[in-house]
There are 2 protein chains.
Amino acid sequence: MASKPLPIAKAIAYRIERLILDGGMAPEEKIPSERQLASRLNVSRSIIREALHELHGRGVIDTHHGRGSFVSHIVPEPDKESPLIRLFSGHPRTLYDLLEVREQLEGQAAYLAAQRANARDLHRITTAFTVMEAADPLTNAKLDHAFHLAIIEASHNPVLVHVLDSLKSLMLLTVQASVANLSPREDFKRQIDQHHRRIYQSVTRGQANAAQKAARAHVRHVSESMKQIEQQEHSIIRRTFEPGAHL
Amino acid sequence: MASKPLPIAKAIAYRIERLILDGGMAPEEKIPSERQLASRLNVSRSIIREALHELHGRGVIDTHHGRGSFVSHIVPEPDKESPLIRLFSGHPRTLYDLLEVREQLEGQAAYLAAQRANARDLHRITTAFTVMEAADPLTNAKLDHAFHLAIIEASHNPVLVHVLDSLKSLMLLTVQASVANLSPREDFKRQIDQHHRRIYQSVTRGQANAAQKAARAHVRHVSESMKQIEQQEHSIIRRTFEPGAHL
DNA sequence: CACAAAAAACTGGTCCTACCAGTTGGCAAA
DNA sequence: TTTGCCAACTGGTAGGACCAGTTTTTTGTG
């Protein structure tokens, strides 16, 4: 009694989930089109559609007419007030709680990435790093994020990917502006660059412990810098948290 | 601007769900055949099938080849609990990804608790610990959870509390059974107790590093024990995770 | 050259028809 | 009566045709 002849649609749903998990797909990432999946998995498009509907029912993906299907993220958009969002907005202190947790998780991500990154991961990390290094400080925010994301995904731990994504979207609600204010300082940017290089080298060389240490130091440094900024320029961060703030 | 042009399949899924709920259909009750529904609701059978797949994904119905679809006997409670979370359950590998993350965060929680716990925190931790130690192994699960929760909350980091709570509820979906199988082993329980004591003492004495180390070792030990169990008793865990498995 | 409009090339959404594959129940033959 | 087979259900799969949004490319201007 090996196993019951599982219906293909269910099996396909399961395989697509695996594609999402093993592929280290981040939330909001686009899933191959129905026709692509159909030909790639050698089943009819009907089956793919049924499988996708099941996954949608489970809350795994979201589908948009004409655009495609996307991996959903844990923390729903700000529209549905998540208890978290409400808790966090308005309490600057929580920002540092967030960074405290991020320090651990980014460290672990770097650690695991150093151990598990495959050729494709290393290529993506290298690309992100070189692009980021060459870019001007203004457009740096997204590239910085891309670099960190590449490392996180290279950890091949979907739980880590999703948790850090949640934390990130929480931070976006609060800090993005202040990071931008942080960046221009020449010395600060140079320190950040040095951190990034240290992380990059450790990961690509497979030095797990060094990578973990570097990533933790990086987050901690950002956190402490923000604390200083906050003390110096009271208004900036506080304004960001103002109820009406829009980013 | 009444409502967005909701896709027919989604609308049909909603209508069928209402047929089930408003119609007061009992669990195990057969719902009309796909062809019947199609003609009665004036849509193609494809749409019906996609809608039914979505309902299956939500756990509302179960479908059997040649027999029909039936209202799921599991309480279709308006869960609202974990949306994307369900992606993780059903993939054994993710369990260890989860534990991997938990190891870090429980460690950090213990570390922070050792630094920040106030008198009230210490009292709660002590109470939870003593109660747990005196309890019989059967009712241990909840007490164990209470103990860990007390420490996590003593970290005074709301982010940490929330994230670990999410992970915990994830694990409950998957492991509870196997942990129950794990618990009876006398030697295992004794080891666990020793871990708990080590964590307890470190936290209450304010030894942050020791607390962190102990908490990490604890989670890692649980994880490795489960791996062993999995190898020994292939069928138990594997069967639980089988795609077609119904629990 | 720059830029906006049009067109092609995507994406998912719906319908259809035919056929395969399990399940059930009734009817006929032993 | 009992056996066994054959419809007539049920869901499962395939693939084509077309509609309806989105994105990208091309093209026709200014």
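Note that the structure is a prediction, hence the values are computed from the model and not measured. Residue numbers start from 1 in every chain, and the chains themselves are labelled A, B, ... in the order their sequence lines are given, proteins ahead of strands.
- Residues forming a salt bridge (charged side-chain N to carboxylate O under 4.0 Å, His left out) with A:Glu100 (at least two apart in sequence, or on another chain): B:Arg116.
- Between A:Phe147 and A:Phe129, the angle of the ring planes lies from 30° to 60°, which puts this pair in the tilted group.
- If you check C:dG13, D:dG12, D:dT13 against the side chain of B:Glu34, the one that comes closest is D:dG12.
- In this structure, the CG atom of B:Asp62 is 11 Å from the P atom of D:dG12, given to the nearest Å.
- In the set C:dG13, D:dT13, D:dT10, C:dG13 carries the atom at the smallest distance from any side-chain atom of A:Arg49.
- We find that NZ of A:Lys30 is positioned 9 Å from C1' of C:dC10, with the value rounded to whole Å.
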Item to complete: Apply salt bridge (charged side-chain N to carboxylate O under 4.0 Å, His left out) to the pair A:Arg49 and A:Glu34, showing each step before the final yes or no.
Response: CA-CA 7 Å; A:Arg49 285 187 59 75; A:Glu34 295 176 354; 2.9 Å; yes
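- Per the geometry, NE2 belonging to B:His64 stands 15 Å off P belonging to C:dG22, to the nearest Å.
- Taking the side-chain contact (heavy atoms from CB on, under 4.5 Å) definition, one finds that B:His65 meets it with nothing, sequence neighbours left out.
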Protein-nucleic acid N or O pairs under 3.5 Å, nucleotides 17-19 of chain C:
none

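- Across C:dT24, C:dT14, D:dG12, the shortest atom-to-atom separation from the side chain of B:His65 is found for D:dG12.
- A sub-4.0 Å separation between OP1 or OP2 of D:dC9 and a side-chain N or O of B:Gln36 is absent.
- In this structure, CG of A:Leu41 is placed 13 Å from P of D:dT13, rounded to the nearest angstrom.
- By the side-chain contact (heavy atoms from CB on, under 4.5 Å) test, A:Thr130 pairs with A:Thr126, sequence neighbours left out.
- We find that NE2 of B:His56 is positioned 14 Å from C1' of D:dG12, with the value rounded to whole Å.
- Rounded to an integer number of Å, the gap from A:Glu50 CD to D:dG15 P is 14 Å.
- Atom-to-atom, CD1 of B:Ile47 to P of D:dA20 comes out at 14 Å; the value is rounded to the nearest Å.
- Going from atom CD1 of B:Ile48 over to atom P of C:dC16 covers 12 Å, rounded to whole Å.
- The side chain of B:Ile8 approaches C:dC15 more closely than any other nucleotide in the set C:dC15, C:dG12, C:dT23.
- Remark: B:Thr63 is not in phosphate contact with D:dG11, judged by side-chain N or O atoms under 4.0 Å from OP1 or OP2.
- Not counting sequence neighbours, the partners of A:His148 by the ring-ring contact (aromatic ring centres under 6.0 Å, His included) test are A:His196, A:His218.
- For B:Thr63, the side-chain contact (heavy atoms from CB on, under 4.5 Å) criterion is met by B:Ile61, B:Ser69, not counting sequence neighbours.
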